[in-house]
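Within every chain, numbering begins at 1; the chains are lettered A, B, ... in the order of the sequence lines, protein sequences first and strands thereafter.
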Amino acid sequence: MNKLLMGISCSGGKRVIRVRYAPSPTGTLHIGGARTALFNYLFARHHHGQFVLRVEDTDRARLVPGSEEGMVAGLRSLGINWDEGPDIGGEFGPYRVSERVLRHQQAVKRLLDQGLAYRCYCTPEELEQERKRLESQKLPPRYSGKCRLRPPNDPIFQSDEPFVVRMKVPSKGETVVNDLIRGRVVFENRILDDFVLQKSDGTPVYNFAVVLDDHDMAITHVIRGEEHLSNTPKQILIYEALNLPVPQFAHLPMILAPDHTKLSKRHGATSVEEYREQGILPEALVNYLLLLGWSASDDTEIMTLDQAIEWFDLNRVQHTAAIYDIKKLVWMNSQYMRTIPIGTLIDYVLPFIKSRQLDVSRGPDLARAIELGRERSHTLLELREALTFFYERPRSFDEQGVKKHFADEKTPERLRALAQSLKKLRVWDHDHLVAVYDEEAKQLGIKRAALIHPTRLAVTGKTVGPGLFELLEVLGQEETVARLLDAATAITEQHVKPTP
RNA sequence: GGCCCCAUAGUCUAGAGGCCUAGGACGCCGGACCCUCAUUCCGGAAACAGCGGUUCGAAUCCGCUUGGGGCUACCA
């Protein structure tokens, strides 16, 4: 057991573990965010604790309408559920930070009264100038502390001028982050400047709000991305100034794009929504995300969410940033494509079928068609493609296929002959179909394959696909015969339109 | 620039001093199977960033260098 965890999960008092995922509603649910949410969720469930969803909407200017709803939907689609949140409430609400500003303002006042923070009247322009000056001298851009030095009777304190509230950061000593993943990380206080706690519009800055909200929501473990590690000492300083207990921290490695830079739109699909649209199953995405930064102790890679809950352990979280690899995601998806229950797969593929306006109400049984298609599809998009010929007659024939399999001048008559034999078949199943082809090939003195390939091309328009006899069995007798005759006619009348 | 984190194959990772002539997975290459494709099954190439220590012994510990990432906002 992890030393750092002892004392909170053991013995009499038994404090319940509470974690949270606190996204900012400024866009879509990112795979990085989804991974953070997932790890929080797994940690909570593993320890029989609670998982809270909190919306970090302090910055009104950056708020994107619909973003929160999208994130909630995205998380739910992945099977990540929370015990408390803006959509379901809970005893520690409200769960939108914007609804908690009064609470934040009270705390700011407390710090002000205690002389642990101060009002700063420097204008953004002044600060900008100062920053530029420092940078040009290759000095770290920090706030000078000008307003901290103002005498208490400075008339500006009585004025109506807008101000921000800044933290009085101690110039000496060090602040230590005991990170559950990285261990002891030491920051010297003198590196920090007097950072802003409250903006001039009266709303709190993230670093301040997060401290109060985590405390108010009784969060015991703050599990978040590594980009927050450097800000943690500021937050610890706030906890101390407010005399609040400091939670445990765990900073997850980041997920980077293939070019080793931070994930962004230009890297293609980066949101959960986009992966859904591309036909990635939620189960596969979750499983893939799970492997980005965490591994089971026994090399197991494909696992259920329940297994992940059982095995999850922060001690096994990687320290190094991970680069996401679409190829492995797609492979993972193909694994789920062929193993999830057929009913589930039907539910997933139906929207794709609908969006292409493929009418599956007539024709072969969808489940049987899917069984043949899932084996050779990596995504739902591919599956839908593999399904189309069952419900739509080929409008054209693969060009290469025509050259190869329709070249023989006897092709039309052979297809017709096959149609005749097939029409008379009493039992339409795999074995009987094989028998027909064997017999036909024998009579013609050719190989069975010489009949199989033209048939597939004639019936599906393609050269690739399921085994012919499985395919015909599902397609049905009437339809098969009709398509063979159609193809024969098309060839004879030179109507063969090659697929470009 | 300053501070912080990180460093095993192209990628995800196992590895917590001898079990490592470094294991698994994706991808890649070759082969087998087969009516095509996809599977599946065999086989193969491919890594401990570099340099110094510590130690009988280092991928594992320490230092430096290099490289990558993060933070440094009245963003989160």
Please report the distance, rounded to the nearest Å, between CD in A/E135 and P in B/U72. 13 Å
For the pair A/F187 and A/V176, evaluate side chain to side chain contact (heavy atoms under 4.5 Å, CB included) and give the outcome as yes or no after the intermediate values. CA-CA 6 Å; A/F187 295 85; A/V176 178; over 6 Å; no
The Watson-Crick or G-U wobble partner of B/C71, with both key distances under 3.5 Å, is B/G2
Would you tell me if any nitrogen or oxygen in the side chain of A/Q318 comes within less than 4.0 Å of OP1 or OP2 on B/A14? yes
Does a nitrogen or oxygen in the side chain of A/K262 sit under 4.0 Å from OP1 or OP2 of B/C71? yes
Using a 4.0 Å heavy-atom cut-off, does A/G293 contact any base of the nucleic acid, only the sugar-phosphate backbone, or nothing at all? sugar-phosphate
Just to be sure I understand the rule, does A/E227 reach a base, reach only the sugar-phosphate, or reach nothing, if contact means heavy atoms closer than 4.0 Å? sugar-phosphate
Before giving the answer on ring-ring contact (aromatic ring centres under 6.0 Å, His included), spell out for A/Y21 and A/F51 the whole-Å C-alpha distance, their side-chain angles and the decisive distance to 0.1 Å. CA-CA 8 Å; A/Y21 171 58; A/F51 176 46; 7.2 Å; no
I'd like the P distance from B/A7 over to B/C48, given in whole Å. 16 Å
Nucleotide of B/A76, B/U11, B/A14 approaching A/D299 most closely (side-chain heavy atoms): B/A14
Base paired to B/A49 (Watson-Crick or G-U; both N/O distances under 3.5 angstrom): B/U65
Pairwise C1' distance, B/G57 and B/A14 [rounded to whole Å]: 22 Å
A/H228 has an atom NE2; how far is it from atom P of B/A76, in whole Å? 11 Å
Where the side chain of A/V205 is concerned, which of B/C4, B/U36, B/C75 is the nearest nucleotide? B/C75
Across the strands shown, which category fits A/E128 at heavy-atom distances under 4.0 angstrom: base, sugar-phosphate, nothing? nothing
OP1 or OP2 of B/A76 versus the side-chain N and O atoms of A/K199: is any pair under 4.0 Å? yes
Select base, sugar-phosphate, or nothing to describe what A/K234 touches, counting heavy atoms under 4.0 Å on all strands. sugar-phosphate
Just checking A/V186: base, sugar-phosphate only, or nothing, at a heavy-atom cut-off of under 4.0 Å? sugar-phosphate
Under 3.5 Å, is there a donor-acceptor pair between the A/T379 and A/N333 side chains? no
Interatomic distance at C1', B/A16 relative to B/U72, whole Å: 34 Å
Separation of A/D298 atom CG from B/G15 atom C1', in whole Å? 14 Å
Tell me if the side-chain of A/R376 makes a donor-acceptor pair with the base of B/C37, cut-off 3.5 Å, by modelled atom types. yes
Mind checking if A/T320 touches a base, just sugar-phosphate, or nothing, with heavy atoms under 4.0 Å? sugar-phosphate
Determine the interatomic distance between P on B/A45 and the same-named atom on B/G23; round to the nearest Å. 11 Å
Under-4.0 Å salt bridge between A/D214 and A/R54: yes
Test: A/E301 and A/K328 ion pair at under 4.0 Å: yes
Separation of B/C74 atom P from A/D59 atom CG, nearest Å, is 12 Å
In whole Å, what is the span from the CZ atom of A/R184 to the C1' atom of B/C5? 16 Å
For B/G15 versus B/C61, give the span between their C1' atoms, rounded off to a whole number of Å. 15 Å
Should the pair A/R414-A/D408 be classified as a salt bridge under the 4.0 Å nitrogen-to-oxygen rule? yes
What nucleic acid atoms does A/R131 come within less than 4.0 Å of, heavy atoms only: base, sugar-phosphate, or nothing? sugar-phosphate
Base-pairing assignment for B/G18 (Watson-Crick or G-U wobble, both under 3.5 Å): B/C56
Considering only atom P, compute the distance from B/C12 to B/G17 and round it to an integer number of Å. 25 Å
If the threshold is 4.0 Å, N to carboxylate O, is there a salt bridge linking A/D194 and A/K168? no
Once hydrogens and angles are ignored, does a donor-acceptor distance under 3.5 Å link the base of B/C74 to the side chain of A/S200? yes
Charged N to carboxylate O below 4.0 Å: is that the case for A/K146 and A/E126? yes
Assign A/F469 to base, sugar-phosphate, or nothing according to its heavy-atom contacts below 4.0 angstrom with the strands shown. base
Heavy atoms only, 4.0 Å cut-off, all strands: where does A/R62 land among base, sugar-phosphate and nothing? base
To the nearest Å, how far apart are A/K328 NZ and B/U11 C1'? 8 Å
By the 4.0 Å heavy-atom rule, please label A/P466 as base, sugar-phosphate, or nothing. base
Describe the nucleic acid contact of A/E56 in one word from base, sugar-phosphate, nothing, applying a heavy-atom distance below 4.0 Å. sugar-phosphate
Whether A/S230 contacts B/U72 is assessed here as follows: a side-chain N or O lying under 4.0 Å from the phosphate OP1 or OP2. Is that the case? no
Using heavy atoms to find the nearest nucleotide of RNA chain B for A/R338 and A/W294 separately, return the residue whose nucleotide is more 5′. A/W294
Report yes if the ring of A/H319 lies under 5.5 Å from the six-membered base ring of B/A7 with planes under 30°, and no otherwise. no
A/R456 atom CZ is separated from B/A38 atom P, nearest whole Å, by 12 Å
Once you apply a heavy-atom cut-off of 4.0 Å, does A/R316 come out as touching a base, just sugar-phosphate, or nothing? sugar-phosphate
Expressed as a whole number of angstroms, how long is the span from A/M303:CE to B/C12:C1'? 12 Å
Between B/U11, B/C3, B/C74, which nucleotide has the shortest distance from any of its atoms to the side chain of A/H260? B/U11
Sidechain N-carboxylate O distance under 4.0 Å for A/D216, A/R100: yes
Separation between the C1' atoms of B/A25 and B/A46, rounded to whole Å: 14 Å
Sticking with atom C1', work out how far B/A47 lies from B/A59, rounded to a whole angstrom. 10 Å
Of A/S295 and A/R448, the one whose nearest nucleotide on RNA chain B sits closer to the 5' end is A/S295
Would the base of B/G1 count as contacting A/Q137 through its side chain, where contact means a donor and an acceptor less than 3.5 Å apart? no
Within the structure, does a side-chain N or O atom of A/H405 lie under 4.0 Å from either OP1 or OP2 of B/C35? no
